[in-house]
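Only one structure is covered here, and it is reproduced in the block below.
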There are 6 protein chains.
Amino acid sequence: MTATGTRSGGRAANELRPVTIEPGFVRTAAGSALISCGGTRVICTASVQEAVPRWMAGRGKGWMTAEYGMLPASTGERKQRDISRGKQDGRGIEIQRLIGRSLRGIADLEALGERTLYIDCDVLEADGGTRCAAITGGYVALALAARKLQEEGLISRSPLTGSIAAVSCGVVGGIPMLDLDYPEDSSAEVDANVVMTGEGGLVEVQATAERTPLSRTHLDELLALAQTGIEGLRAAQEAALALP
Amino acid sequence: MTATGTRSGGRAANELRPVTIEPGFVRTAAGSALISCGGTRVICTASVQEAVPRWMAGRGKGWMTAEYGMLPASTGERKQRDISRGKQDGRGIEIQRLIGRSLRGIADLEALGERTLYIDCDVLEADGGTRCAAITGGYVALALAARKLQEEGLISRSPLTGSIAAVSCGVVGGIPMLDLDYPEDSSAEVDANVVMTGEGGLVEVQATAERTPLSRTHLDELLALAQTGIEGLRAAQEAALALP
Amino acid sequence: MTATGTRSGGRAANELRPVTIEPGFVRTAAGSALISCGGTRVICTASVQEAVPRWMAGRGKGWMTAEYGMLPASTGERKQRDISRGKQDGRGIEIQRLIGRSLRGIADLEALGERTLYIDCDVLEADGGTRCAAITGGYVALALAARKLQEEGLISRSPLTGSIAAVSCGVVGGIPMLDLDYPEDSSAEVDANVVMTGEGGLVEVQATAERTPLSRTHLDELLALAQTGIEGLRAAQEAALALP
Amino acid sequence: MTATGTRSGGRAANELRPVTIEPGFVRTAAGSALISCGGTRVICTASVQEAVPRWMAGRGKGWMTAEYGMLPASTGERKQRDISRGKQDGRGIEIQRLIGRSLRGIADLEALGERTLYIDCDVLEADGGTRCAAITGGYVALALAARKLQEEGLISRSPLTGSIAAVSCGVVGGIPMLDLDYPEDSSAEVDANVVMTGEGGLVEVQATAERTPLSRTHLDELLALAQTGIEGLRAAQEAALALP
Amino acid sequence: MTATGTRSGGRAANELRPVTIEPGFVRTAAGSALISCGGTRVICTASVQEAVPRWMAGRGKGWMTAEYGMLPASTGERKQRDISRGKQDGRGIEIQRLIGRSLRGIADLEALGERTLYIDCDVLEADGGTRCAAITGGYVALALAARKLQEEGLISRSPLTGSIAAVSCGVVGGIPMLDLDYPEDSSAEVDANVVMTGEGGLVEVQATAERTPLSRTHLDELLALAQTGIEGLRAAQEAALALP
Amino acid sequence: MTATGTRSGGRAANELRPVTIEPGFVRTAAGSALISCGGTRVICTASVQEAVPRWMAGRGKGWMTAEYGMLPASTGERKQRDISRGKQDGRGIEIQRLIGRSLRGIADLEALGERTLYIDCDVLEADGGTRCAAITGGYVALALAARKLQEEGLISRSPLTGSIAAVSCGVVGGIPMLDLDYPEDSSAEVDANVVMTGEGGLVEVQATAERTPLSRTHLDELLALAQTGIEGLRAAQEAALALP
């Protein structure tokens, strides 16, 4: 953000970055999407495994879980692979737990039967908001995989009870803003991620005050911005799922 | 919670569990506290290391970070140690990142100088709300260590800009409630953790809808409950720090 | 030890440090104790698992094993967690093998049935003799868990054939001494750990000459000192187990 | 391959699958390419790090190394991430060593100066020949990064002494064939990977007889097929590098 | 190699180093051999396990696999153990995959039944060509174990369809040479490993041009040299297996 | 041991198994020995590294440490490598700590200067008493390396203050016995390892009562047996070191 409050590309405070979702990007996956939100691009795939983790076995219901990774060149400076460092990045673990919880928020695990749906989100290019892009794109991959399972007759009703999307927002230079890019995120006083269903229900709210505490007024404004953003993302999801 | 809405021990919906903080519980630490919130007990220690992580070196400022663990017998069924499983528990990583961010929310890292303050939070007994107890007790350990550093003349002003505490709340059976114990947490529709400064500023809000989306009305009620709870915790912190 | 041979606190060469054992310190454990031996404090818990390791399955007998850890702030300088270093501390492994062997020395694994008793010993404060305190306190945790298993009717006779305790001793400045604290241990020529049953039978003897070889005379004197010490520890164990 | 020897898609025995190389696919990388060889797609990036591994420091020359991974959904059945299994896949290690050796075969490490070029090859979709696609696409990523380093004036001459490409071939049903897809590879008697410079020099030959030993005649035929294939790949590389 | 092209010990370009194979070197193994090729010595053992890996179970056939290690003192400078570094050496993984593939090239896994044969190759002294020595000596260990299984009546026919041996060769100073020692290998332009059956069939060819590409003429010469070398190694294997 | 108390091979209770020490067994090591004690054979090497661990740097003194491993085929059933299991065997860690402590018991680390001596002990065949064989053979490897350092003028006086050897003993069927083989060790009531200097000073005593506590009388008898055994081992060490 420049000193005069203009955002990169002349964006308004309540404006999303351009979003595109390319369904079926990975042909070997049961469902997939390449989502672009401005300079952030994430490959999302859904894979089906005909078994559940041991602790869930025998209950007649399925499981959904997410994994999140960053390709080494996705950030300006090369990011070492987790396997080379010997352990998974803590930030990545926190993010993939959020993605998994969010997607399970619209899951009907009984409808899924004793199988596991893995949502893998691998960041191709990172410019802020990768966890939200992962949830939004991950939903498209998931919906495509669910459709495929139904078409193949493996399940009789959808394992999804609705749709879900996520957007970041924050307070930058005292101004609440929607969908922060990386430079904005780095200088934000408050950084929030909001996950909502297609019907506008809150599934997860995470707000962190980095420098100065967050006021209730700002929290309300951020939630309102998020709602606007989610509507735009919901439209992009529907367009991607409507493709033949 | 029983069917009639009575909480265990006859607690009201906006009532904290009994809280006690024993300062100086670990004599080998620079600062320490044993915090009890109902059936949850957490050992909190602050340790000083005369160096910063490599990526922070040479900037004349310090670092604060937290680690969270659970003693194997702290839950009913024995919890395997991380080192035996070969990797740290994802939930523990997510929690310790929250604790670290929260405590850094009141840190003046320039005042700390080139040293690291480690806050270790080890759960002795778990009955819900361990991450919040860790933040609340961790602050006491931190304040005692900061006081010691000042008394020893190693730093000239406090590395803390205020106080901080955290409390959980949630919606159980349709009713917003403060400070959930484990059975309440397990059956909650919404589960939230709220971190606030002593002056009532929000530092972190995390709300997760487990079963049904969260309404804005409920979110407002939860934040109000949290504020009440934080005041009670703040009093316990002050009492602990006022001990000779 | 001062130059004149006086021990810290005016202790005699054959005198134990003050010992206290608080039974039931961890309410979530099947049995537990907080043992203090001078400046050393160890949290000991016994947990029951209704299964045995795979290599023991199907033999109708149980298993007992111990794990030993140090809380990061238990030593003056912060000790990094094993999981952060990526592997368990070799010293800790050596110690937990000694604790497990010692406790199995009084075990009746047939009486236990196909279940595992885990004894977890976590050092809260370290001032020498932590492995011996862990065995002595671990026995109390174990006896309480065994009593609980019997009271619940899960087993028909005690899985313990007697009691067990351990004490360190050493040669410091040419003088055999009982129950070394950390400064004494660091300057000792010989360092020994002796594990004995309540009836005075030797279960494990480990003597290490750090600087000058150990003479047979000194070995005999150390074993005699140990026997005295074990009697004191045995009294503290009995007092703890006699509490209502 | 069908019983009559017809290949999938009506391909001749000495015919490459359709190959396309999209340069600049990852904008955050110093150089990048998305290579498609039939149903195989690999994301290749080159990243520059202004340092060399410790064992190479101070010699005034650079280092080039490669890493190879497969996205979890790249194969039909989901492939677990290395970090979840706790160690890198042996096959992946063997492949990335081959990629690194091959690319270093055209490197002028003195020209590179004390910096490291990482070539990361992440398989998006696997249908046979991923290691060869990684080398062929990796060269394009490398050449683009080298060009960028020269344009930025960081190096004065190219760190590459030529071009390099790789192709697989094998004996299937007694017939030597070029560029095997996954079904062909799975039923091949002999499987070979050949790496050649743009001038036709052999850099690496790896031939493995899976079922019946390889005759010298067949080896000669495979090398001739490989040469034909490399020419086709070389043309695709040049086209990609000629794009503005 | 000296400037005049004379090899160490006055060896001719097409001459093997002295080779000896001591069968039965490790009495606790089902089959074993200590192979010496000049200054390279490798301990090879074959161990039988009455089970197959989970992914092979229930097919009525067995499995053969190899592991390769270097004793810490086997190279001039001490080589850290894999377990101390926390992960297996990439070079070792590449080598043990080659050894396993080569030995499986002469395996009749149906004849083996549902059991696993492990070939462990541990380098005692390394002076070039360790992977080839491991294959050549590993075959002797394997053949002895196979003989033992047959003598004990556990299998009714040999699980081996023939014999196998391996030799290195390379181009050094422009001259193709057989069986490189470490100094020759370090200065070679081309380094190749060739695995052949006793009947002269090629099982694996790996040629790497380290500095200048490999010409077809040189490749032909290397393969011819390898054939000569394999014959010598085959004689040593037969002599070892003929011992009473 | 048979029911009549006769030991395998007609050995007397106070008789060592045949011991041979082959010095210089590993030519790439600074010092080495292959020690055989009955059916137990251990490869011992000493390697010199011109640096000390970071925590010892700058004090002008050296370090000595030991590592212990078992080759996979050294026991009847194949023992999985530590690196395949992902962590070092606890028993191995306990043993290598004993070996290191014992050898440091005769070390003059100032005389060594700022370098590290690694003693690697790899068990070729295990039939009881491997840790004692490792200490006894490790001393020969160490003495040879020390001699080499002196001959090369790298150090001016020996870094060893004497010699050291170790032997196991135990109570089997009520009878104290020297140098237990594996079957004896498995059925022993008491198992002890005794480390002594060449002059007969005790360096380490470890006695474990497996089934029934150890009496003082038996402990005395075991120490006497050990002294006899050490004399025999000392003679074998001297013979090995006297070889040209």
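Note that these values count all heavy atoms, side chains included, but never hydrogens, waters or copies made by symmetry. All figures in this text were calculated on a predicted structure; none of them were measured in a lab. Convention: sequence-line order gives letters A, B, ...; per-chain numbering from 1.
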Residues from residues 86-102 of chain D approaching chain A under 4.5 Å (heavy atoms): D:Gly86, D:Lys87, D:Gln88
CG of D:Asp82 to OG of A:Ser84: how many Å apart, nearest 0.5 Å? 9.0 Å
Give the interface residues of residues 34-57 of chain D toward chain A, defined by a heavy-atom separation under 4.5 Å. D:Gly38, D:Gly39, D:Arg41, D:Ile43, D:Thr45, D:Ser47
One should read off an interatomic distance between D:Tyr118 OH and A:Gln80 CD, to the nearest 0.5 angstrom, of 7.0 Å
What part of D:Asp122 is in contact with chain A, defined as an atom under 4.5 angstrom from a non-hydrogen atom: side chain, backbone, both or neither? side chain
Looking at D:Glu110, I want to see if its CD is surrounded by more than 12 non-hydrogen atoms of other residues, nucleotides or ligands under 6.0 Å. yes
Counting heavy-atom pairs under 4.5 angstrom with chain D, the leader among A:Gly76, A:Ser74, A:Ala73 is A:Ala73
Chain A contacts: which residues in residues 59-69 of chain D have a non-hydrogen atom closer than 4.5 Å to it? D:Glu67, D:Gly69
Below 4.5 Å from any heavy atom of chain D, which atoms of A:Thr75 appear? Answer side chain, backbone, both or neither. backbone
Where A:Phe25 and D:Glu125 come nearest, the two heavy atoms and their spacing: O-OE2, 3.5 Å
Got a second to check how far A:Thr28's OG1 is from D:Arg78's CZ, nearest 0.5 Å? 12.5 Å
Expected contact set for residues 132-164 of chain D against chain A at heavy-atom separation under 4.5 Å reads none
Would you mind telling me which of D:Pro72, D:Ala30, D:Ala126 has the largest number of heavy-atom pairs within less than 4.5 Å of chain A? D:Pro72
Would you check if D:Asp120 and A:Arg81 make a side-chain contact, meaning some heavy-atom pair closer than 4.5 Å? yes
Could you tell me which portion of D:Leu124 (side chain, backbone, both or neither) has an atom closer than 4.5 angstrom to a non-hydrogen atom of chain A? both
